[in-house]
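To start, the structure itself, in structure tokens.
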Protein chains: 2
Amino acid sequence: MTRQRRVILEELRKLDFHPTADEVYEIVRRRLPRISLSTVYRDLEVLCDYGEIQVLEIGCSKKHFDPETRSHYHARCSRCGRVENLPVEPFTYLERAFSDLCEYEITGHRMELIGLCPVCRQQKGQEEAPGG
Amino acid sequence: MTRQRRVILEELRKLDFHPTADEVYEIVRRRLPRISLSTVYRDLEVLCDYGEIQVLEIGCSKKHFDPETRSHYHARCSRCGRVENLPVEPFTYLERAFSDLCEYEITGHRMELIGLCPVCRQQKGQEEAPGG
DNA sequence: CTAGATGCAAATTCTTTGCGGTCAA
DNA sequence: TTGACCGCAAAGAATTTGCATCTAG
């Protein structure tokens with residue numbers, strides 16, 4: 001566990017949302033101004049291998065990194081791309097139910113709620129009623 | 001609706017899985033050998049805008065294209081990447097339930113079952129018991 | 001004609017890799 | 001001294017864009 005790796009993990013754990021690699025880079029740079037983006041990518045991968053964090057390939061095009069490795073659901077803002085946790089236990093019985101409906105050997109599932117986060121909700125309200 | 005666009009849509013509708021852009025390219029090339037990959041990307045985007053197909057940003061890194069635009073769930077093979085439909089109606093009540101659990105204004109949700117498709121299931125079985 | 005669409009090649013974006021130098025045990 | 005790790009720059013993969021040409025109306 002190197003300095004860079006430790007700082008990345010610490011910063012990830014402070015956040016209430018799941019950042020992308022370049023967001024991690026920007027955040028970590030405040031404490032380690034000389035860190036490189038490739039170190040961030042490499043350390044995020046190592047932290048996944050160690051089982052300290054997980055990658056979310058959600059919404060897509062960019063990966064998001066989550067310091068909680070147990071399975072859980074996410075909410076994603078369709079406006080700003082923010083990804084955060086949903087406070088419910090995953091419905092594992094769904095996997096058994098779906099096993100009977102298809103030929104797949106089911107090993108897991110993923111659910112994502114899509115909508116507007118509180119901030120974007122408010123901003124959208126202001127745009128739609130400008131000044132009156 | 002140009003020739004290229006029509007052929008792309010026809011071929012998509014024939015498939016029982018949801019291909020990536022380069023898979024669409026390979027398939028469509030059999031009928032239109034001079035089509036370019038950028039036309040495929042561009043036409044897939046136009047078809048989305050027209051509401052004829054939808055993009056699945058699933059599993060990630062590559063987009064998958066689905067000629068069924070109504071909301072539905074998918075199964076994804078963790079071995080070969082195949083993405084196909086699940087024969088169940090989406091549980092829209094989940095959106096109302098989650099609205100009470102978070103501050104989001106929920107507009108939709110997505111669920112994806114992960115596992116081994118029938119083909120990979122069989123291949124895996126053969127690898128694990130080679131020759132007896 | 002002309003507006004939109006195409007094919008090709010170059011550009012972008014996100015991510016990974018190669019390499020020489022650094023640091024801790 | 002050694003092996004893992006770093007920063008930098010270059011390479012890769014997926015996707016998008018610029019541009020000259022083509023085509024249907």
Side-chain angles (χ1 to χ4, degrees), chain A residues 1-12 17-67 76-78 80-83, chain B residues 1-12 17-66 76-83:
Chain A
M1 185 61 66
T2 63
R3 182 162 164 65
Q4 287 87 339
R5 219 164 273 174
R6 187 166 35 75
V7 171
I8 288 172
L9 190 54
E10 282 171 10
E11 292 299 321
L12 267 182
F17 67 98
H18 307 323
T20 59
D22 56 302
E23 286 169 339
V24 173
Y25 176 56
E26 287 307 323
I27 291 164
V28 165
R29 230 140 68 105
R30 300 203 274 262
R31 288 175 60 188
L32 303 172
R34 309 230 347 115
I35 198 174
S36 73
L37 180 57
S38 41
T39 296
V40 171
Y41 272 107
R42 251 184 306 230
D43 284 352
L44 287 169
E45 191 185 345
V46 170
L47 289 169
C48 284
D49 293 346
Y50 287 180
E52 295 284 345
I53 65 172
Q54 68 169 309
V55 199
L56 307 180
E57 298 188 325
I58 225 173
C60 222
S61 81
K62 290 185 177 182
K63 294 176 179 174
H64 292 254
F65 297 88
D66 183 348
R76 180 169 58 86
C77 179
S78 54
C80 68
R82 182 186 176 91
V83 175
Chain B
M1 185 60 67
T2 62
R3 181 160 164 68
Q4 287 86 338
R5 220 164 272 174
R6 187 166 34 76
V7 170
I8 289 172
L9 189 54
E10 283 171 11
E11 293 300 320
L12 268 181
F17 67 98
H18 306 323
T20 59
D22 55 303
E23 286 169 338
V24 173
Y25 176 56
E26 287 307 324
I27 291 163
V28 165
R29 230 140 66 106
R30 300 203 276 263
R31 288 176 59 188
L32 303 172
R34 309 237 339 121
I35 199 172
S36 73
L37 181 58
S38 41
T39 296
V40 171
Y41 272 107
R42 254 183 304 226
D43 284 352
L44 287 169
E45 191 185 347
V46 170
L47 289 169
C48 284
D49 293 346
Y50 286 0
E52 294 285 343
I53 65 173
Q54 67 169 309
V55 199
L56 307 180
E57 299 188 327
I58 227 173
C60 224
S61 84
K62 288 185 178 184
K63 293 175 180 173
H64 292 254
F65 297 88
D66 184 345
R76 180 168 59 88
C77 179
S78 54
R79 202 159 178 272
C80 69
R82 182 185 175 92
V83 175

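These numbers come from a predicted model, not from an experiment. Computation of the quantities below employed the complete heavy-atom set of this structure, encompassing side-chain atoms and omitting hydrogens, waters and symmetry-equivalent molecules. Naming: A, B, ... by sequence-line order, numbering from 1 per chain.
- Put simply, A/Thr39 has a side-chain N or O that comes within less than 4.0 Å of OP1 or OP2 on D/dG7.
- Residue B/Arg3 is the one, among A/Leu37 and B/Arg3, whose nearest nucleotide of DNA chain C lies closer to the 5' end (criterion: closest heavy atom).
- Looking only at side-chain heavy atoms (C-beta outward), B/Leu47 and B/Arg5 come within less than 4.5 Å of each other.
- Closest to the B/Ser36 side chain, of the nucleotides C/dG7, D/dG7, C/dT15, is C/dG7.
- At a cut-off of 3.5 angstrom, the base of C/dC8 holds at least one donor-acceptor pair with the side chain of B/Ser38.
- Computed from coordinates, the A/Tyr25 OH to C/dC14 P distance equals 14 Å when rounded to whole Å.
- Heavy atoms of A/Glu45 sit nowhere under 4.0 angstrom from any nucleic acid atom.
- Between A/Arg6 atom CZ and C/dA24 atom P there is a gap of 12 Å when expressed in whole angstrom units.
- Distance check: A/Glu23 CD to A/Arg82 CZ gives 10.0 Å after rounding to the nearest 0.5 Å.
- The base of D/dG18 sits with one of its N or O atoms less than 3.5 Å from a complementary donor or acceptor on the side chain of B/Arg42.
- Contact annotation for A/Asp22: no contact, since no heavy-atom pair falls under 4.0 Å across all strands.
- Residues B/Arg29 and B/Val40 fail the side-chain proximity criterion, which asks for heavy atoms closer than 4.5 Å.
- The side chain of A/Lys62 lies closest to C/dT15, out of C/dT15, C/dG7, D/dC5.
- The distance between atom CD of B/Gln4 and atom P of D/dT23, rounded to the nearest whole Å, is 11 Å.
- Atoms CG (B/Asp49) and P (C/dA5) sit 11 Å apart, rounded to a whole Å.
- Here the C1' atom of nucleotide C/dT13 and the CD atom of A/Glu23 are 15 Å apart, to the nearest Å.
- Distance CG (B/Asp43) to P (C/dG4): 15 Å, rounded to an integer number of Å.
- Among the protein residues, B/Thr20 comes within range of no part of the nucleic acid, since none of its heavy atoms lies under 4.0 Å from any strand.
- Applying the 4.0 Å criterion to OP1 and OP2 of D/dA4, one finds that A/Thr2 has every side-chain N and O outside that range.
- Here the side chain of B/His64 pairs no donor or acceptor atom with the backbone of B/Leu56 at under 3.5 angstrom.
- A distance of 5.0 Å separates CG of B/Leu44 from CD1 of B/Ile8, quoted to the nearest 0.5 Å.
- In this structure, B/Arg34 atom CZ and D/dT23 atom P are separated by 11 Å, rounded to whole Å.
- Nucleotide C/dA5 holds its C1' atom 15 Å from the CG atom of B/Leu44, rounded to whole Å.
- In terms of phosphate contacts, B/Tyr41 brings a side-chain nitrogen or oxygen within less than 4.0 Å of OP1 or OP2 of D/dT15.
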